[in-house]
Amino acid sequence: MAVTLVDVAIAAGVSRSTASRALSGSSLISPQTRLAVEEAARSLGYRPNRAASALRSNRSHLLGLVMNNLINASFHTIAEVVHKRASDAGYQVLLCITDADPNRENDVLAMLGEHGVDGTIVIGSGRSAPASNALLTQGRAVVNLIRSVRGSKASTVLADDIDGARDATAHLLSLGHRRIGYIGGTAEATSGRERYEGYCSALADAGIEVDEAIVRKGPFTTEFGAEAVNSLLDGSESMTALYAANHEAVFGILPTLVGRGISVPGELSLVCHEDMPWLAMWQPPITVVDNGAAQLANLAMDLLFQQINDAAPTDGRTYRIGARLVERASCAAVAGGA
């Protein structure tokens, strides 16, 4: 015979209603009681009927997490935080990868609505406003993360990419560099626009004009990173430093520099945007702009649960998490520089 919620309640020594609340993640249940109920359910092999529960409560206890890719290390951190927070609150997460294709993204958001998700976090193409607004109209929570979406009524959580990029460029300027190359994303993405703006701002503050001959912008791919850095190294215009603002491109930039025998920081000082564990283990360890991925994810989850639990409409505001420069050994002063 199938194990029932009553069986779980008896094994845990609680009432059926208490067992139900514990398994649904209710904040009214103490951690000790929740643990006892979860252990009883696990030992008995109990699996809740989520479809029936959704019909009774109008809650599916499902969340959507829509991402462009799984190359980006920040996205890995965000996925871990979202899954942990969701599990602690009694939710399951449907992870959807779109490859930054707006059509696929819209299809995914529509599918999540059809599955009755209670809320969705979107790291997308920036062109999904109608689809995400449709979810809000259905009474489902939505938070845009990392990238803003023009026309979206959902709350948005962004890193402070402008200041982060300005700090990265200013750091290189402080070491005497005046020929600072730039590899970034396209202007369609929030990070592409804002990191380039920060780069330009720092150069302007130092009285230096942007030289487009040492600027490369392109898709968030490993292949673009390799192509861009090869193009810069083969170009007629020299550079003494490089700010790699396109995180996915870093996976192509670093191996290419090694393959071409470019000494970092001897021949080229390097700053990368967005941290990941192996950048600290690279030789030499790479100076980075840490965009606070875990903090971004936690704030997004706070806003999502606030919408779900309070049944409150989104405020449509944009929230920012500050970036910080982490200095390592990949940057050196230019001989005779300031």
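The closest side-chain donor-acceptor pair between Ser148 and Thr190 falls under 3.5 angstrom. The closest side-chain donor-acceptor pair between Asp101 and Thr98, if any, does not fall under 3.5 angstrom.
Both Leu94 and Val122 are assigned to one and the same hydrophobic cluster, defined by single-linkage of ILVMFWY side chains at heavy-atom distances under 4.5 Å. One hydrophobic cluster, built from ILVMFWY side chains closer than 4.5 Å, cannot hold both Leu35 and Val8; they sit in different ones.
Minimum interatomic distance between Gln307 and Ser155 (heavy atoms only, all atoms of both residues): NE2-OG, 4.4 Å. A pairwise comparison of heavy atoms in Leu296 and Ala159 identifies CD2-N, 3.6 Å as the closest pair. The two atoms that bring Gly218 and Phe224 nearest to each other are N-CZ, 3.2 Å, heavy atoms only. Taking every heavy atom of both residues into account, Cys96 and Leu112 meet most closely at SG-CD2, 4.2 Å. Looking at every heavy atom in both residues, Leu172 comes nearest to Ser269 through CD2-CB, 4.0 Å. Closest heavy-atom contact between Val93 and Ala86: CG2-CB, 3.5 Å.
A donor-acceptor pair under 3.5 Å is formed between the side chain of Ser60 and the backbone N or O of Gly116. The backbone N or O of Lys153 lies less than 3.5 Å from a partner atom in the side chain of Asn133, making a donor-acceptor pair. At distances below 3.5 Å, not a single donor-acceptor pair connects side-chain atoms of Ser330 with backbone N or O atoms of Pro265. A donor-acceptor contact shorter than 3.5 Å is absent between the side chain of His61 and the backbone of Gln92. The backbone N or O of Gly119 sits nowhere less than 3.5 Å from a side-chain atom of Arg140 that would complete a donor-acceptor pair. At least one donor-acceptor pair under 3.5 Å links the side chain of Ser174 to the backbone N or O of His171. In terms of modelled atom types and a separation under 3.5 Å, the side chain of Ser20 and the main chain of Arg16 share no donor-acceptor contact. Without hydrogens or angle criteria, Thr77 side chain to Ala294 main chain gives no donor-acceptor distance under 3.5 Å. No donor-acceptor pair under 3.5 Å is formed between the side chain of Asn298 and the backbone N or O of Gln295. Of the possible donor and acceptor atoms, one in the side chain of Asn68 sits under 3.5 Å from a partner among the backbone N and O of Gly124.
Side chains of Leu242 and Ile253 form a contact here, defined as non-hydrogen atoms less than 4.5 Å apart. Looking only at side-chain heavy atoms (C-beta outward), Asn144 and Leu158 stay at 4.5 Å or farther from each other. Arg42 places a side-chain heavy atom less than 4.5 Å from the side chain of Glu38. Side-chain contact between Phe75 and Glu248 is present, with at least one heavy-atom pair separated by less than 4.5 Å. Looking at heavy atoms from C-beta onward, Arg179 lies in side-chain contact with Asp211 at the 4.5 angstrom threshold. With contacts defined as side-chain heavy-atom distances shorter than 4.5 Å, the pair Asn291/Ile321 does not qualify.
The cationic atom of Arg195 (NZ for Lys, CZ for Arg) does not lie both less than 6.0 Å from the six-membered ring centre of Phe220 and within 45° of the ring axis.
Salt bridge present: Arg328 and Asp275 bring a charged side-chain N and a carboxylate O closer than 4.0 Å. A salt bridge is defined here as a Lys NZ or Arg NE, NH1 or NH2 lying under 4.0 Å from an Asp or Glu carboxylate O, and Arg166 with Asp163 meets this definition. Salt bridge Arg193/Asp161: absent, no basic N to carboxylate O contact under 4.0 Å. For Arg216 and Glu227, the salt-bridge test fails: no basic side-chain N is under 4.0 Å from an acidic carboxylate O. By the 4.0 Å N-to-carboxylate-O rule, Glu105 lies too far from Arg147 to be salt-bridged with it. Ionic pairing of Arg260 and Asp234 is present here: one or more N-O contacts between side-chain nitrogen and carboxylate oxygen are shorter than 4.0 angstrom.
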Test side chain to side chain contact (heavy atoms under 4.5 Å, CB included) on Leu232 and Ile214; report intermediate values, then the result. CA-CA 6 Å; Leu232 288 172; Ile214 53 174; 4.2 Å; yes
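Taking the six-membered ring for Trp and thresholds of 30 and 60 degrees, Phe251 and His247 have ring planes more than 60 degrees apart, a perpendicular arrangement. Between Tyr243 and Tyr182, the two ring planes are perpendicular [angle over 60°; tilted spans 30° to 60°].
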